[in-house]
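Below: one structure, written as structure tokens.
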Amino acid sequence: MNKFSILKKYFGYTSFREGQEILIDSILNGQDVLGIMPTGAGKSICYQVPALLLPGITLVISPLISLMKDQVQALNQVGIHAAYINSSLRESQISKALRLAAAGQYKIIYVAPERLETYEFLQFAQQAEISMLTVDEAHCISQWGQDFRPSYLKIVQFIKTLPVRPILSAFTATATEKVKEDILCVLGLIHPQTLVTGFDRKNLYFAVETPPKKDSFVLRYVKEHADESGIIYCATRKNVDALYEKLQAEGVSAAKYHAGLGNEERRQSQDDFIYDKSPVMIATNAFGMGIDKSNVRYVIHYNMPQSMENYYQEAGRAGRDGERAECILLYSAQDVMINRFLLDSREPNDENTWEEMAELRERDEERLRIMTYYCQTTECLRNYILRYFGEDGMIRCENCLNCAREYEETDVTAEAEKIITGILEVRQRYGINVIAGMLAGETRAKLREYGVAQYESYGSLKELRETEIKSIINLMLAEGILHTTNDRYSLLRVSPQAAEVRQGTRKVIWKKIKADPAKASREKKTDAVRMRRSDLLNSRGLELFERLRALRTEIAREESMPPYIIFSDKTLVDLCVKAPFYRDEMMKVTGVGENKFERFGERFLKVIYDYTGGVREKFYFGELEEVQSQASFGQQKMEKAKKVDFYLTEEQAAAFPYAEKYLVTEIAEKLNELRDEQTVKKISGAELFRRMQAGEYAGETLTDGIWKKYVTEKGQAAGMFIGLRLSKAGKEYEDIYYDKKAQKMIVDSIIIEQ
């Protein structure tokens, strides 16, 4: 068998997603790999397919019991023999699993990192033929990551004990440049194929809301989405319990999950959610990292998370099937205080020095500050997230609340000057609450205690409400005019950029929401957000979909497995579109492999045949070609043939119009004009810049909440340089330009000889 036959036979797909084939081929060629791919991009396929083609066993190091159980159950259902080894099993069960593995029963074994140093497992590993060792959630190995697990360091020692070093593959969905470097270094990957497919999840809609009553918002939202499955994350156990009681009292079928519950109660809650008995899960971040439930339609964060990494990973539980889903963060200023308290409550790690602990705390504070900026920005939310992970986004994604809102711009440069003056006058000794209160002329007890009325700045902005002053300060923080100290007090400090404001060379523009934000979020979502594949079905098609879903639930109960492991919603919709009567027809449905057809196929065919009476019928709107290509983010027409990744022939490249200088987006535009539009995909400026980063020609760094690009010495030698650009608002900023030498380097790198 080859990789394509395995993909179809076991997983039911006829083609690989972006990046999968590159990593699979590298593994099969004996090369180490690191794949950084967004949640739902199909990371598991990248190691499961080669695992079946390699001669020996593949060990998959996984951090959570629930993740292992889910993956192994899914593999066994498609006919792949797999097992897991962790603390949920009795020692006798572990011994039996290892005996069967040694006898060749399993091709893939999931194992918790803590089990690697046990005597019995080490004995097994010394005798077994281990072809590949896969590190899932690889960011856990970096102490600079958001989810560092010391047990992951055992992997390195374990590899050294093996008689033959296996191929190493590592995968994660969230990794900054620093964490990526840590993974490569700590794991000791040798000349690895490193692939970053991008962090964008186009099917996810992002929103930050600031409702006066969070409970009322959640209750209304959950009731409006009563037929959908969702997760609500809370920062504390207390909030989980309180929200759970309120939803239950309102008749909402919800489950709850946090570390304060007993093992059996947590297990039951998780099962109720996975098996769709309770469509709503209320949980702390102890829940979700290992959950592979594909039909989660929304994730609500009741409190702001501590970092962008945490937020994107938790929000990424939504829409894993590629269908549209919503990620909503409910923000209040108190969330910052809660998170600082949680940071203060963390137990120190005995393995770190005081210097390392201080640096880690500083990084935690920086992450929290960036997360706070996200909640307060008026810019495109998707672009903010992508830039944090080092990826060039778009100015407007048209698929987030900020892009849907209407704003009015107000010049608050004069107010910004008074804020700077006030901070300097008190010698930069206070945080945002004291400064805002002082400028507003407030008289509360704490302000009297600090004696702020003695300063000339006292009451200098009394025409504004205190909340408005805070909004302007937060804007100045986001733009780098101000910054805060990296400690629990977060004292306001003036940045060098403040001089531009005081000298009159820089304006501060405050964007205020015109319309009611709740109304805007309901009324102005684009068709791209509203569209789901099931929306393509007509009334008869929707009825068939419900019958197929009922059969799936019935089978799931018989087999004691989650419904989405039988078939995903995406597969059920495709069954309605294609409406197969026979085996050969059903095998063309996405997600239907040989093993699943043999087990369940005839029952689904019978439902379709009985519903139609054996008469061919159309269950969708529009033309079949359009229906098959519809994606939840608005794609309208299917390309006639599958396009390949971007390249140019030598003849095409010879026509490139060189200029004295180009921006990377301009280079991409010129390149795309030269390609064969019918067979070759477009290339983006973001992709070209990622290649420059990978080649160490350039990079991007976050300074005081502002992303700035830079050119390395290698990049300068190649013809790249920093220059000024003018934004639409008339503001100058730095960007990278490419001279003719750099342009030729890029063009030459994408030529394929014919």
Side-chain angles (χ1 to χ4, degrees), residues 1-62 67-68 70-84 101 104-111 128-138 166-173 189 192-197 292 294 320-322 564-565 567-568 570-571 587-598 642 644-645:
M1 295 182 72
N2 59 35
K3 60 189 178 186
F4 292 106
S5 58
I6 284 176
L7 184 69
K8 179 56 185 173
K9 177 179 179 179
Y10 294 109
F11 303 102
Y13 303 114
T14 55
S15 61
F16 289 101
R17 297 186 194 176
E18 180 187 1
Q20 287 179 331
E21 194 171 0
I22 293 173
L23 294 175
I24 289 169
D25 287 344
S26 297
I27 291 171
L28 293 176
N29 288 330
Q31 187 178 4
D32 289 353
V33 304
L34 170 59
I36 301 175
M37 308 163 77
T39 302
K43 292 186 290 294
S44 57
I45 291 285
C46 296
Y47 60 81
Q48 288 170 351
V49 168
L52 299 180
L53 292 169
L54 293 170
I57 295 170
T58 289
L59 295 181
V60 182
I61 314 300
S62 184
L67 179 71
M68 299 184 204
D70 220 31
Q71 291 275 10
V72 168
Q73 194 172 32
L75 287 171
N76 286 328
Q77 283 303 313
V78 300
I80 298 171
H81 295 298
Y84 60 83
Q105 180 73 29
Y106 304 121
K107 287 293 289 180
I108 303 176
I109 300 175
Y110 286 77
V111 60
E129 181 184 5
I130 300 173
S131 295
M132 178 167 62
L133 187 143
T134 296
V135 182
D136 202 8
E137 306 295 347
I167 300 165
L168 298 186
S169 58
F171 298 91
T172 183
L189 302 184
Q193 169 67 261
T194 302
L195 181 73
V196 182
T197 61
D292 200 23
S294 63
R320 291 176 68 95
D321 54 4
Y564 60 84
I565 287 183
F567 284 131
S568 68
K570 186 177 179 180
T571 298
M587 288 300 294
K588 294 177 182 177
V589 172
T590 183
V592 178
E594 290 181 10
N595 191 267
K596 282 194 176 181
F597 180 85
E598 296 304 324
K642 181 176 172 60
V644 299
D645 290 338

Could you tell me which residues satisfy side chain to side chain donor-acceptor pair (under 3.5 Å) with [X], sequence neighbours excluded, listed by chain and number?
| X | value |
| --- | --- |
| Thr197 | none |
| Thr134 | Ser169 |
| Gln48 | Gln71, Tyr110 |
| Ser62 | none |

Roughly how far apart are [X] [atom1] and [Y] [atom2], rounded to 0.5 Å?
| X | Y | atom1 | atom2 | result |
| --- | --- | --- | --- | --- |
| Phe171 | Ile45 | CZ | CD1 | 11.0 Å |
| Ile108 | Met132 | CD1 | CE | 7.5 Å |
| Ile57 | Leu133 | CD1 | CG | 12.0 Å |
| Thr571 | Tyr564 | OG1 | OH | 14.0 Å |
| Ile109 | Ile130 | CD1 | CD1 | 8.0 Å |
| Leu195 | Ile22 | CG | CD1 | 5.5 Å |

Minimum side-chain heavy-atom gap [X]-[Y] below 4.5 Å:
| X | Y | result |
| --- | --- | --- |
| Leu168 | Val135 | no |
| Phe567 | Val589 | no |
| Ser294 | Lys570 | no |

Taking salt bridge (Lys or Arg N to Asp or Glu O under 4.0 Å) as the cut-off, I'd like each qualifying pair that reaches into residues 26-49, sequence neighbours left out, listed once.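 Residue pairs with at least one partner in residues 26-49: Asp32-Arg165.
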Please list all pairs meeting salt bridge (Lys or Arg N to Asp or Glu O under 4.0 Å) that have one or both residues in residues 45-61, counting only residues at least two apart or in different chains.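 Counting only pairs at least two positions apart or across chains, no salt bridge (Lys or Arg N to Asp or Glu O under 4.0 Å) contact touches residues 45-61.
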Considering all heavy atoms of both residues, which atom of [X] and which atom of [Y] are nearest to each other, and what is their separation?
| X | Y | answer |
| --- | --- | --- |
| Pro55 | Lys107 | O-NZ, 3.4 Å |
| Leu54 | Ser131 | CB-CB, 3.8 Å |
| Pro50 | Ile24 | CD-CG1, 3.9 Å |

If the condition is salt bridge (charged side-chain N to carboxylate O under 4.0 Å, His left out), which residues does Glu598 pass it with, not counting sequence neighbours?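 In terms of salt bridge (charged side-chain N to carboxylate O under 4.0 Å, His left out), with neighbours along the sequence ignored, Glu598 is linked to Arg583.
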Could I get the full list of salt bridge (charged side-chain N to carboxylate O under 4.0 Å, His left out) partners for Lys3, not counting sequence neighbours?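 Partners of Lys3 under the salt bridge (charged side-chain N to carboxylate O under 4.0 Å, His left out) test: Glu21, Asp25.
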The single option from Leu75, Thr58, Ile6 passing side-chain contact (heavy atoms from CB on, under 4.5 Å) against Leu52: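 Testing Leu52 for a side-chain contact (heavy atoms from CB on, under 4.5 Å) against Leu75, Thr58, Ile6 leaves exactly one candidate, Ile6.
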Applying ring-ring contact (aromatic ring centres under 6.0 Å, His included), name anything that partners Phe11, two or more places apart in sequence or on another chain.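 Per chain and number, Phe11 pairs via ring-ring contact (aromatic ring centres under 6.0 Å, His included) with no residue.
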Who are the ring-ring contact (aromatic ring centres under 6.0 Å, His included) partners of Tyr84, not counting sequence neighbours?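 Applying ring-ring contact (aromatic ring centres under 6.0 Å, His included) to Tyr84 gives none.
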Considering only distance and modelled atom types, tabulate donor-acceptor pairs under 3.5 Å from the side chains of residues 590-597, sequence neighbours left out.
residue, atom, partner, partner atom, Å
Lys596, NZ, Ile565, O, 2.6
Lys596, NZ, Ile566, O, 3.0

How would you list, by chain and number, every residue that makes a side chain to side chain contact (heavy atoms under 4.5 Å, CB included) with Gln31, sequence neighbours excluded?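 Checked Gln31 against side chain to side chain contact (heavy atoms under 4.5 Å, CB included); matches are Ser26, Gln193.
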In sequence, state the C-alpha distance, the side-chain angles, and the governing distance for Val111 and Val60, and then conclude on side-chain contact (heavy atoms from CB on, under 4.5 Å). CA-CA 6 Å; Val111 60; Val60 182; over 6 Å; no
